[in-house]
Structures are given as C-alpha cells and as structure tokens.
Amino acid sequence: MDKTKSSKANQQPERKSQINDYVKYSGLTFQMAALIFLGYWVGGKIDHWLELRIPVFTIILIIAFIILTMYSLIRRLPKN
C-alpha cells in the first residue's frame, strides 16, 4: 500500500511541472503575437504619418520585434 502512495506522490510534482511549462510557453506565444501586432500597428502609423508608399517602418518594426521575441525565447529555455 505504501508503494502506491509514494508513486502517486512522485507523479504529482512532475505533472505540476509539466503544466507550469505549458502555461509558461503558451504565454510566451501570446506575448510574441502581441509584440508582432504592435510592430505592425506602430509601423503602419509611422508609415502613414510620413506618407510612405512602401511600408518601410512596418517591415523594420515587425522584423525587430520577431528578433526580440526569439531572443527572449532563447533566454527562457532551460539550459539542459
């Protein structure tokens, strides 16, 4: 009887760890999407304000935010 209780007790922290990892990385996905949308929106506003025919600032800001979010993702990954 003690073996079943100890095996269930060992599974509980492992399951919580998996759930915490899922929540952490899914939150990072939403953060990345929000930052890319922000780059698109701000870049569009700047391009409209400067009356540019080619959306230069939109492209630059989207690429910059993608690079920043990838850097953030790499820093948050476990170092195993």
Side-chain angles (χ1 to χ4, degrees):
M1 184 107 190
D2 290 332
K3 289 181 182 180
T4 58
K5 285 184 180 180
S6 66
S7 66
K8 287 182 181 180
N10 288 339
Q11 290 175 353
Q12 196 70 346
E14 182 179 318
R15 183 177 171 106
K16 285 184 180 180
S17 174
Q18 290 173 348
I19 292 172
N20 288 340
D21 288 343
Y22 175 76
V23 170
K24 180 172 66 172
Y25 293 122
S26 65
L28 189 61
T29 303
F30 288 113
Q31 177 185 358
M32 186 175 190
L35 284 174
I36 292 170
F37 178 75
L38 181 68
Y40 168 77
W41 184 75
V42 171
K45 292 290 183 181
I46 294 171
D47 288 333
H48 181 71
W49 179 61
L50 295 175
E51 298 177 358
L52 298 175
R53 295 172 77 191
I54 299 173
V56 176
F57 285 98
T58 303
I59 294 168
I60 290 171
L61 287 177
I62 288 173
I63 291 171
F65 281 130
I66 288 173
I67 291 170
L68 287 173
T69 54
M70 293 304 287
Y71 176 75
S72 174
L73 173 67
I74 291 169
R75 287 193 46 107
R76 290 185 185 188
L77 288 175
K79 295 177 173 85
N80 291 341

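When reading the values below, keep in mind they use all heavy atoms of this one structure, side chains included, and skip hydrogens, waters and symmetry mates.
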Gap separating the CZ atom of F65 from the CE atom of M70, nearest 0.5 angstrom | 16.0 Å

Side-chain polar contacts of residues 49-64 - donor-acceptor pairs under 3.5 angstrom, sequence neighbours left out - could you list them?
unit_1, atom_1, unit_2, atom_2, d
T58, OG1, G43, O, 3.2
T58, OG1, G44, N, 3.1
T58, OG1, D47, OD2, 2.7

Any donor-acceptor pair under 3.5 Å from S72 side chain to L68 backbone = no

Spatial distance of atom CD (Q31) from atom CG (L38) [nearest 0.5 Å] = 11.5 Å

